[in-house]
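The structure appears right after this line, and notes come after that.
Not measured: the values here are computed from a predicted model. When reading the values below, keep in mind they use all heavy atoms of this one structure, side chains included, and skip hydrogens, waters and symmetry mates. FYI, the numbering just counts along the sequence from 1.
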Amino acid sequence: MILDRRLPLGKRDAEAYRRRIARRGRREPVAYITGEREFWSLPFRVTRSVLIPRPDTETLVQEGLELLEKAGFHDRAPRGGTDQGARVIDVGTGSGCVAVALAHANRRAQVLAIDRSARALRVAARNVERLDLVGRVTLCRGDLLGERDGARGAGKSGRAAPAHLILSNPPYVEDGDWEKLPPDIRDWEPAGALRGGPDGLAVHRRLRADAPAHLLPGGSIAVEVGVGQAAAVSALYEAGGDFEGIRVIADLAGIPRVVSARRR
């Protein structure tokens with residue numbers, strides 16, 4: 001952006017500009033070069049430790065907000081009430097974009113955001129602090145919904161009461177598609193946040209297996225899926241008889257992007 005055409009470009013600024021152009025020439029994503037990416041109309045700090053937030057994932061936040069609304073957790077607590085709000089778990093939080101966006105949009109949500117990467121949690125912590133959500137978004141280190149270590153405000157064990165809502169954008173890129181990805185993604189973004197095994201559903205299966213034990217009856221789960229995966233992920237939740245109301249939600253491009261289900 002040109003703020004003032006009359007100002008000369010200093011040597012230091014020119015060198016910084018050339019360095020950034022060189023980084024982009026190596027196909028480094030712009031978000032890593034600038035250190036920031038907008039998501040849900042909010043600014044998020046990003047580094048190579050986290051997946052870059054994408055507009056597709058806003059579909060997951062929107063579905064989460066609608067599920068809370070249907071469950072009676074409107075944005076504002078009842079006047080004079082003692083309601084503690086909805087308990088939400090964000091699995092694989094990365095930059096914290098989903099947890100922060102949902103908590104920012106629904107002031108009755110208390111979010112436990114989990115990631116196995118300590119580096120990712122440090123980035124998420126900066127975003128939680130930056131958007132003034134300390135106390136409403138708690139960060140924990142852990143592997144999906146398994147054993148967790150307390151972190152940044154969590155209890156000693158990191159355990160949480162069953163949730164009203166679970167959200168996740170898990171790794172879902174199939175192994176066979178990895179080399180086909182653009183180098184901007186394959187060579188720069190964290191593989192652990194992208195690769196989902198031979199058919200892309202390895203993490204989805206683990207999450208589906210563990211989810212019932214961490215959801216209240218009537219609680220919901222919503223997960224982001226890759227292109228062409230919605231039917232297979234829906235089938236995971238249809239099996240077993242412990243979920244109902246399976247829905248598939250398309251993103252703004254019309255691609256089935258999110259699967260949600262309600263625990264019986």
Side-chain angles (χ1 to χ4, degrees), residues 38-42 44 53-114 124 127-128 131-139 145 160-170 204 207-208 210-225 230 233-234 236-238 242-264:
E38 181 181 296
F39 179 84
W40 202 258
S41 299
L42 300 170
F44 283 88
R54 289 169 167 77
D56 298 344
T57 305
E58 293 185 352
T59 308
L60 179 64
V61 176
Q62 184 62 49
E63 176 66 1
L65 291 170
E66 291 180 10
L67 289 168
L68 290 181
E69 186 82 12
K70 290 176 183 176
F73 293 104
H74 310 287
D75 184 29
R76 289 175 293 278
R79 187 175 298 175
T82 59
D83 177 58
Q84 295 299 309
R87 293 191 296 275
V88 181
I89 302 176
D90 175 30
V91 182
T93 197
S95 66
C97 64
V98 170
V100 167
L102 185 128
H104 188 272
N106 188 312
R107 286 165 284 181
R108 291 177 69 191
Q110 295 283 335
V111 186
L112 175 65
I114 304 169
N127 289 321
V128 170
L131 292 161
D132 198 26
L133 286 166
V134 175
R136 297 227 358 257
V137 177
T138 299
L139 303 176
L145 290 165
H164 300 94
L165 175 66
I166 294 174
L167 298 175
S168 184
N169 176 18
H204 273 293
L207 185 59
R208 189 265 179 261
D210 290 347
H214 296 269
L215 274 174
L216 290 164
S220 296
I221 182 169
V223 295
E224 182 171 326
V225 300
V233 174
S234 295
L236 291 177
Y237 287 90
E238 289 167 354
D242 46 2
F243 281 98
E244 61 185 359
I246 289 87
R247 284 172 21 100
V248 176
I249 304 93
D251 60 22
L252 292 177
I255 298 170
R257 182 61 62 185
V258 169
V259 173
S260 67
R262 182 175 63 255
R263 188 193 162 199
R264 293 183 186 274

Value rounded to 0.5 Å, distance of CZ in Arg108 from CZ in Arg136: 11.0 Å

Nearest atoms (heavy-atom pairs only) where Leu60 meets Ala222: CD1-O, 3.4 Å

Worked verdict on Ser234 versus Val248 for side-chain contact (heavy atoms from CB on, under 4.5 Å): CA-CA 8 Å; Ser234 295; Val248 176; 3.4 Å; yes

Validation row: Val225, Pro256 side chains within 4.5 angstrom (heavy atoms): no

Main-chain N/O of Asp56 paired to Thr59 side chain as donor or acceptor, under 3.5 Å: yes

Close side-chain approach of Val111 to Thr93, heavy-atom, < 4.5 Å: no

Geometric cation-pi criterion Arg208 and Tyr237, 6.0 Å radius, 45° cone: yes

Heavy-atom closest contact (Leu102 atom, Gly64 atom, distance): CD1-C, 4.0 Å

Check: Pro162 main-chain N/O paired with Arg87 side-chain donor or acceptor under 3.5 Å: yes

Any side-chain heavy-atom pair of Phe39 and Val61 under 4.5 Å: yes

Full working for side-chain contact (heavy atoms from CB on, under 4.5 Å) between His104 and Leu42: CA-CA 9 Å; His104 188 272; Leu42 300 170; 3.8 Å; yes

Straight-line distance of Thr57 OG1 to Gln62 CD, nearest 0.5 Å: 13.5 Å

Heavy-atom closest contact (Ser220 atom, Leu215 atom, distance): O-CD2, 3.3 Å

The single option from Ile89, Val223, Asp210 passing side chain to side chain contact (heavy atoms under 4.5 Å, CB included) against Ile166: Ile89

side-chain contact (heavy atoms from CB on, under 4.5 Å) evaluation trace for His164 with Gln110: CA-CA 10 Å; His164 300 94; Gln110 295 283 335; over 6 Å; no

Validation row: Glu63, Glu58 side chains within 4.5 angstrom (heavy atoms): no

Distance, nearest 0.5 Å, that separates CD of Glu238 from CD1 of Ile246: 5.0 Å

Sub-4.5 Å side-chain heavy-atom contact between Leu65 and Phe73: no

Spacing of Ile221 atom CD1 and Leu165 atom CG [to the nearest 0.5 Å]: 8.5 Å

Exam field: side chain Ser168 to backbone Val91, donor-acceptor pair closer than 3.5 Å: yes

Side chains of Pro53 and Ser95 in contact at under 4.5 Å (non-hydrogen atoms): yes

Separation of Leu131 CG from Phe44 CZ (nearest 0.5 Å): 5.5 Å

Spacing of NE2 belonging to His204 relative to CG belonging to Leu236, to within rounding of 0.5 Å: 8.5 Å

Atom of Pro212, atom of Asp242 and distance for their closest heavy-atom approach: CG-OD2, 3.3 Å

Check: Asn127 and Cys97 side chains under 4.5 Å, non-hydrogen atoms: no

